[in-house]
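Worksheet: one structure, shown below.
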Amino acid sequence: MTPSRWLSVIGLALAVVGCGSDEDDSGSGGSAGTAGVAGTGGAAGSVAAGGSAGTAGIGGIAGTGGTAGTGGTGGQVPQAWIDACADEAKTVCERYTACNPDFSQTSYGSLAQCEQSRLSYCTALYREDGATPEAFATCNTARAAAWGTDCNDFAVVFNNGPAGPRVPSECQIKGARSVGQPCEVGPQCASGFCGNYDGTAQLCGMCLAAPAAGEACPDGACDFGAKCVSGTCRVLKNLGETCDADNPCVSGYWCDAGMCAVRKPVGADCDPLSRELLCEGDAICNSATKKCDTMKPTAEVGEPCWVQADQTIVGCKDSWCQIAASTGKGTCVVKKEAGEECLVSQYIVGNNSDCRLILSCVNGICQQQGDVLSCEQG
């Protein structure tokens with residue numbers, strides 16, 4: 001059995017505080033979006049024989065629970081920033097839960113947990129010389145207006161982050177630091193993008209150049225509205241536009257015979273081995289039936305999940321479905337909390353570790369973004 005890909009609509013969620021590059025071809029397991037102002041989030045790749053289950057979702061690396069106290073190395077978080085973060089968390093989580101109720105239960109368990117996780121993530125990324133609370137709040141408002149009330153528009157605007165052709169100008173926030181200077185978040189940089197120090201495993205660290213569409217992108221970063229694809233910045237294609245491997249569609253559509261098309265409804269035929277995300281909303285491509293299907297989160301920790309003997313797909317409730325590489329069968333496993341030992345695995349559906357969203361597994365320990373966003377050069 002080769003499990004199908006798992007879509008998440010929410011991407012790396014903050015519209016003004018990302019760092020790194022936005023390159024994500026969503027192949028063997030999409031990467032957590034790290035570029036400039038939002039990241040694309042990536043989709044979970046195939047698990048078992050089909051490849052790795054990349055970070056699907058909701059914000060790639062980030063924090064969960066805890067209190068909004070300090071922002072990594074950024075000092076005390078002002079109340080205005082906490083308020084802006086709380087508004088963003090409420091707006092995004094309400095839409096995400098409404099548009100993706102099944103994935104929401106698996107990823108967070110509850111609306112309250114989603115909001116707390118995003119609030120913790122947002123406050124941990126505050127930097128005094130990064131985005132102001134006012135700029136962040138303005139971006140939140142503009143982005144919500146851009147996705148309107150349509151769930152597909154929400155996916156298109158939110159998932160594509162800074163690479164999307166519809167990223168609001170209010171979210172294209174830039175700082176004063178020049179290319180090559182140290183940084184921790186994108187809005188500290190004049191380009192808007194902060195990337196890894198050369199030769200280190202640090203998450204962030206140096207302001208990157210942001211080439212325009214059509215230019216080479218050796219560091220993986222492109223200016224707002226473009227994405228690094230096969231070494232060149234490309235403008236992603238919209239619904240009805242022609243597409244190919246070098247000119248992919250925006251996340252939210254798929255390339256159907258050379259043209260960007262809407263995703264398929266439940267019951268439609270699909271190819272579980274396709275690199276494309278074919279099915280709409282909460283639906284995924286069932287590897288047994290080769291049709292778009294739902295994955296209802298009904299299983300508890302310790303119970304079977306993924307494709308069952310009757311060819312239905314069972315999801316987990318506020319837990320991760322971990323696939324056994326030898327058998328292809330899944331079992332719901334407990335999500336690890338901040339400070340607990342964790343496992344990075346390509347066989348966990350919807351995440352790249354067993355840490356709770358949106359924590360990062362660093363050196364075997366689940367950590368919040370503020371704990372690991374340390375960019376000392378070395």
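Numbers for residues simply follow the sequence, beginning at 1.
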> Can you tell me how far CG of Leu359 sits from SG of Cys342, rounded to the nearest 0.5 angstrom?
Replying inline: 8.5 Å

> Do the side chains of Cys93 and Arg118 get nearer than 4.5 Å, heavy atoms only?
Replying inline: yes

> Honestly curious: do Val157 and Phe154 fall in one hydrophobic cluster under the side-chain, below-4.5 Å linking rule?
Replying inline: yes

> Is Lys317 paired with Glu300 through a side-chain N to carboxylate O contact shorter than 4.0 Å?
Replying inline: yes

>> For Lys335 and Asp318: C-alpha separation, side-chain torsions, deciding distance, then whether salt bridge (charged side-chain N to carboxylate O under 4.0 Å, His left out) applies.
In response: CA-CA 8 Å; Lys335 293 178 179 178; Asp318 196 21; 3.2 Å; yes

> Taking side chain as C-beta onward, heavy atoms only, is Tyr121 less than 4.5 Å from Leu357?
Replying inline: no

>> Let me check something: do Val156 and Leu278 share a hydrophobic cluster, defined by ILVMFWY side-chain heavy atoms less than 4.5 Å apart, either directly or through other members?
In response: no

> Under 30°, 30 to 60°, or over 60°: which ring-plane class applies to Trp81 and Tyr126, parallel, tilted or perpendicular?
Replying inline: tilted

> Should the SG-SG distance of Cys233 and Cys222 be recorded as below 2.5 Å?
Replying inline: yes

> Is the Cys366 SG less than 2.5 Å from the Cys355 SG?
Replying inline: yes

>> Could you measure the distance from the CZ atom of Phe103 to the OG1 atom of Thr294? Nearest 0.5 Å is fine.
In response: 9.5 Å

>> Are the side chains of Tyr253 and Leu277 in contact, using a 4.5 Å heavy-atom criterion?
In response: no

> Does the distance from a Lys or Arg side-chain N to an Asp or Glu carboxylate O, for Lys336 and Glu341, drop under 4.0 Å?
Replying inline: no

> Which atom names give the shortest non-hydrogen contact between Val77 and Ile82, and what distance separates them?
Replying inline: CG1-CG1, 3.6 Å

> Are the charged groups of Arg177 and Asp129 less than 4.0 angstrom apart, N to O?
Replying inline: yes

> Are a donor atom and an acceptor atom from the side chains of Glu134 and Thr138 found within less than 3.5 Å of each other?
Replying inline: no

> Side chains of Asn140 and Thr91: does their closest heavy-atom pair fall under 4.5 Å?
Replying inline: no

> Do Cys321 and Cys332 have their SG atoms under 2.5 angstrom apart?
Replying inline: no

> How many angstroms lie between atom CG of Leu119 and atom NZ of Lys90, to the nearest 0.5 angstrom?
Replying inline: 13.5 Å

>> Check for me, please, whether Tyr108 and Trp320 land in the same ILVMFWY cluster - side-chain distances under 4.5 Å, paths through other members count.
In response: yes

> What pair of heavy atoms forms the shortest contact from Val185 to Arg127, and how long is it?
Replying inline: CG2-CG, 3.9 Å

>> Under 4.0 Å between a side-chain nitrogen and a carboxylate oxygen: does that hold for Arg356 and Glu337?
In response: yes

> So do Cys255 and Cys260 have their SG atoms closer than 2.5 Å?
Replying inline: no

> SG to SG, are Cys249 and Cys243 under 2.5 angstrom apart?
Replying inline: no

> Between Ser117 and Gln113, does a side-chain hydrogen bond (donor to acceptor under 3.5 Å, both in side chains) hold up when you go through it step by step?
Replying inline: CA-CA 6 Å; Ser117 295; Gln113 178 62 45; 3.0 Å; yes

> What are the two closest heavy atoms between Val266 and Ala283, and how far apart are they?
Replying inline: CG2-CB, 3.8 Å

>> Is there a disulfide between Cys151 and Cys99 in this structure (defined here as SG atoms under 2.5 Å apart)?
In response: yes

>> Parallel, tilted or perpendicular, judged at 30° and 60°: which one describes the rings of Phe224 and Phe193?
In response: tilted

> Does Arg143 pair with Glu88 as a salt bridge, N-O distance under 4.0 Å?
Replying inline: yes

